[in-house]
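As the structure lists them, so they are numbered: ligands from 1, and atoms in each ligand from 1. As the structure is a computational prediction, the values presented were derived from the model and not from experiment.
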Amino acid sequence: MIKEKITEIRSELPPEVKLVAVSKFHPVEAIQEAYAAGQRAFGENRPQEFCRKVAEIDAWLRGRDSEIDVEWHFIGHLQTNKLKMVLPYADLVQSVDSQHLLDAIQDWGKANGKVIRVLLELHIGAEETKSGFKEEEVLDILFRADKYKNIRFCGLMGMASHTDNEDDIRADFARIADFKAYLTDLFPELADFKELSIGMSGDWKIALDYGATIVRIGTAIFGERLQTP
Ligand SMILES: *Cc1c(COP(=O)(O)O)cnc(C)c1O
């Protein structure tokens, strides 16, 4: 089941687009099944669940004498008192959504001798409740990017409005794609600022029209979650 879903989605994704399988709220067995189908990038949104699953999958792979070839994406709200559950293991923190968090990640990176790869989350959807920076806040941060020695700015993440209206979704994706192009022009020195993480189960095919380089897909791979985050 999981295998078929992954194969189906992969067959429609251009090879250069990264599929992050969002395994939040699903058991490690589901991750193992996805791994067996060739999936290597996983996304989680709660620090505790994230670090538990990283440890369990690591142990599972070691037990099979496999190399540790999975990558972990953190995609949820991250409180600064939980950094140590996430930053040692995350290949990419996709959901940096405040100046305070960014500063805390910089401090943690400096103290631990690590460079943390991040995406800045841009607020694009209609929902007030959605987190993320405004365009001018992202600009303000990137003008000061060289101050963040322990952070590598790798691009933008965004979530479209939660709606069935495709025009609204397209407008959200167009806005983030245009802004990303503008930033790429404005900051040519940010060589790693390449990723555009847009598209979830309901809208990833649309996101491809707007240059998504990463899609984050949960339900369409693993089925319904028992709880909603
Ligand atoms: C849960 C989640 C997803 C995956 O959502 P689905 O609709 O299940 O594909 C993607 N991105 C973020 C930030 C999420 O929290």
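- Close contacts between ligand 1 and Thr219 involve ligand atoms 6 (P), 7 (O), 8 (O), 9 (O) [criterion: under 4.0 Å to a heavy atom].
- Of all the atoms in ligand 1, the ones that sit under 4.0 Å from a non-hydrogen atom of Lys24 are 1 (C), 2 (C), 3 (C), 14 (C), 15 (O).
- Within ligand 1, counting atoms from 1 as listed, the ones closer than 4.0 Å to a heavy atom of Ser201 are 6 (P), 7 (O), 8 (O), 9 (O).
- With ligand atoms numbered from 1 in the order given, ligand 1 contributes 4 (C), 6 (P), 8 (O), 9 (O) to contacts under 4.0 Å with heavy atoms of Gly218.
- For Lys180 and Glu195, the salt-bridge test fails: no basic side-chain N is under 4.0 Å from an acidic carboxylate O.
- Selection from Met200, Glu121, Gln94 by nearest heavy atom to atom 5 (O) of ligand 1 gives Met200.
- For ligand 1, the atoms closer than 4.0 angstrom to any heavy atom of Ile217 are 9 (O).
- Using a 4.0 Å cut-off between charged side-chain N and carboxylate O, Glu44 and Lys53 make a salt bridge.
- Between Ile75 and ligand 1, not a single N/O pair is under 3.5 Å apart.
- Remark: ligand 1 and Arg225 share an N or O pair separated by less than 3.5 Å (distance only, no angle test).
- Using a 30° and 60° split on the angle between ring planes, Tyr210 and Phe173 fall in the tilted class, from 30° to 60°.
- Geometrically, Arg62 does not engage Trp60 in a cation-pi contact, judged by NZ or CZ lying under 6.0 Å from the ring centre and within 45° of the ring axis.
- The aromatic ring centres of Phe187 and Phe193 sit 6.0 Å or more apart.
- Applying the salt bridge (Lys or Arg N to Asp or Glu O under 4.0 Å) rule to Lys18 yields the partners Glu71; only residues at least two apart in sequence or on another chain are considered.
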